[in-house]
Amino acid sequence: MESLSRMDKLLTCFYKRPNAVTRLICFPWAGGGSLFYAQWGRLLDESIEVCSIRLPGRESRFSEPFAQSMDQIVDEITAVLLPQLQEKSFSFFGHSFGSLTSFATALRLKEKYGLEPVHMFVSGASAPHSKSRSTSTKRSELSDEEFLKWMSTTGGTPAEILENKEAVQLFLPSLKADLRVVENYVYDKPASPPLSCGLTCFDGTEDIPHDLHAWKELTSGDFNIHMLPGGHFYLKDPNNEKSLVTHITKYLEAAEVDYF
C-alpha cells in the first residue's frame with residue numbers, strides 16, 4: 001500500500017487504461033499542477049494512457065515543502081515510477097520547466113537503469129546545455145512586484161488573477177521555487193548524444209525565441225520542430241492542444257512500430 005500511496009501522490013491519471021500499449025507521462029510547467037495534462041486522456045486514443053506528474057507543494061501535496069533541486073525531483077520520480085516504466089513503453093512531454101525536468105529524468109533512467117522513453121516531447125524551452133540559458137535573468141530573485149510584471153508579459157495567467165493578492169500568494173511561492181530549481185540546474189554539452197529516442201520540440205511563434213536546435217545534440221534519434229501560433233502558453237489554446245495531441249499520437253504510433 002505504501003508504494004500505491006506514493007504513486008497516487010505523485011501521479012494524476014484521470015483515464016486509467018491498464019490495457020494501453022504505452023504511457024505518456026507529462027511534466028508540469030513552473031508553478032503548475034497536474035490537472036491540465038491529466039485531461040489529455042480524453043483526447044488520446046485507448047492505446048495511450050496519460051499520467052501527469054504532481055510535484056510537492058501543490059494540489060493534494062500543498063502542505064509538503066517544495067523541491068530544492070533537480071536531483072530531488074528526479075529522485076522521487078524515478079523511485080516511484082520505476083516499476084511502471086519497466087512494465088511497458090513510455091514517452092515524456094514537458095513544457096518549459098517540465099522540458100528540463102523530463103530531460104533530467106530521462107537522463108537518470110538511461111544512465112542508471114538502461115531505460116529510455118520511446119519519444120521525448122519538449123516545449124517552450126531551450127536545451128539544458130544551451131548558452132542562452134546561462135545568460136537569462138534569474139527570475140526567482142525578482143521582487144514580487146517585478147515578478148508579477150514579468151508574468152503579465154508571458155500570457156497564460158488572467159490579469160484578474162495577477163491583480164488578486166490572495167490568488168497571487170497561492171501560486172507565487174511554487175512558481176518561484178520551481179524557477180530556483182531551473183536556475184540552479186547545470187548541464188554541460190555532452191561529448192556524444194546521451195539519448196537515442198526520437199525528440200520533438202514544440203514552441204509558440206510569439207514566445208521569446210528558444211534554442212530549440214540545441215536539443216538535437218542530446219539524441220541520436222529522429223529530431224523535429226513544430227511551431228504553433230501563440231505565446232509561451234500557446235498549448236492552452238484548444239486548437240493548439242488538438243494539434244499537439246495529433247502530433248504526439250503520430251509520433252507514438254511510429255515509435256511503437258519501432259519498439260516492437
Side-chain angles (χ1 to χ4, degrees), residues 26-33 36-37 53 55 70 73 92-106 120-163 167-168 171-189 199-219 223-245 247-248:
C26 301
F27 292 69
W29 52 76
F36 176 81
Y37 296 125
I53 300 283
L55 295 175
M70 187 65 83
I73 290 171
F92 287 165
F93 178 96
H95 176 67
S96 198
F97 167 71
S99 293
L100 299 177
T101 54
S102 66
F103 170 74
T105 303
M120 290 278 298
F121 301 99
V122 297
S123 166
S126 296
H129 62 290
S130 170
K131 286 194 175 78
S132 65
R133 283 191 66 231
S134 57
T135 55
S136 52
T137 312
K138 288 207 166 189
R139 310 281 184 200
S140 67
E141 293 174 3
L142 296 174
S143 68
D144 285 0
E145 190 181 347
E146 290 173 312
F147 194 85
L148 290 170
K149 201 179 289 182
W150 166 68
M151 276 198 72
S152 69
T153 67
T154 65
T157 309
E160 56 270 25
I161 289 182
L162 294 177
E163 289 159 12
V168 163
F171 71 77
L172 209 57
S174 62
L175 184 48
K176 281 194 165 185
D178 289 352
L179 288 177
R180 211 169 292 120
V181 166
V182 165
E183 289 161 1
N184 292 322
Y185 175 55
V186 177
Y187 179 74
D188 295 326
K189 182 179 175 179
L199 193 152
T200 301
C201 297
F202 298 102
D203 215 354
T205 53
E206 306 304 312
D207 198 0
I208 56 164
H210 294 114
D211 187 358
L212 303 179
H213 288 279
W215 284 100
K216 188 174 181 5
E217 297 164 345
L218 302 180
T219 185
F223 177 77
N224 294 280
I225 293 175
H226 296 283
M227 303 298 292
L228 295 169
H232 189 58
F233 284 101
Y234 74 90
L235 70 174
K236 289 188 173 183
D237 176 89
N239 289 327
N240 285 338
E241 194 176 27
K242 281 179 192 162
S243 294
L244 276 173
V245 166
H247 283 305
I248 288 169

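Just so it is clear, the values below take in all heavy atoms, side chains as well, and ignore hydrogens, waters and symmetry mates. Residues take their numbers from the sequence shown, with the count starting at 1.
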inquiry  = Set out, in order, the CA-CA distance, both residues' side-chain angles and the distance that settles side chain to side chain contact (heavy atoms under 4.5 Å, CB included) for L235 and N240, then state yes or no.
reply    = CA-CA 6 Å; L235 70 174; N240 285 338; 5.6 Å; no

request  = Let me see the working for V182 and R180 under side chain to side chain contact (heavy atoms under 4.5 Å, CB included), right down to the final yes or no.
outcome  = CA-CA 5 Å; V182 165; R180 211 169 292 120; over 6 Å; no

request  = If the plane angle is over 60° it's perpendicular, under 30° parallel, otherwise tilted; pick one for W215 and F103.
outcome  = perpendicular

message = Testing the basics here: between A30 and L179, what is the closest heavy-atom pair and its distance to 0.1 Å?
response = CB-CD2, 4.0 Å

request  = Work out which heavy atom in L228 is nearest to a heavy atom in S243; give both atom names and the distance.
outcome  = CD2-CB, 4.0 Å

message = If only side-chain N and O atoms count, and only distance matters, is there a donor-acceptor pair under 3.5 Å linking T200 with H247?
response = no

inquiry  = Tell me whether S99 contacts the main-chain N or O of S123 through its side chain, where contact means a donor paired with an acceptor under 3.5 Å.
reply    = yes

Test item: S96 side-chain N/O and G98 main-chain N/O as donor-acceptor pair under 3.5 Å = no

ask   = For the residue pair F93 and F27, is the inter-centroid distance of their aromatic rings smaller than 6.0 Å?
value = no

Residue pair D203 / H210, side-chain donor-acceptor N/O under 3.5 Å = yes

task = Kindly compute the distance separating CE (M120) from CG (L199), expressed to the nearest 0.5 Å.
result = 6.0 Å

message = Tell me whether E241 is salt-bridged to K236, with the criterion being a basic N under 4.0 Å from an acidic carboxylate O.
response = no

request  = For residues L218 and A127, report the shortest heavy-atom separation together with the two atoms involved.
outcome  = CD1-CB, 4.5 Å

request  = Write down the atom of M227, the atom of L212, and the distance for their closest heavy-atom approach.
outcome  = SD-CD1, 4.0 Å

ask   = Would D211 and S126 count as having a side-chain donor-acceptor pair, cut-off 3.5 Å?
value = no

note = Nearest heavy-atom approach of V122 to S102 is CG1-OG, 4.4 Å

task = Determine whether the side chains of T205 and Y234 contain a donor N or O and an acceptor N or O closer than 3.5 Å.
result = no

ask   = Just wondering, do L55 and F97 contact through their side chains at under 4.5 Å, heavy atoms?
value = yes

query = Do R133 side-chain atoms and Y187 backbone N/O form a donor-acceptor pair below 3.5 Å?
reply = no

note = ring-ring contact (aromatic ring centres under 6.0 Å, His included) test vs H95 passes for just one of F233, F202, F36, namely F233

request  = Could you tell me whether the side chain of I53 reaches within less than 4.5 Å of the side chain of F92, counting heavy atoms only?
outcome  = no

query = Counting only heavy atoms not in H213, do more than 12 sit closer than 6.0 Å to its NE2 atom?
reply = no

task = Please name the pair of heavy atoms, one in T101 and one in M70, separated by the smallest distance, quoted to 0.1 Å.
result = CG2-SD, 3.6 Å

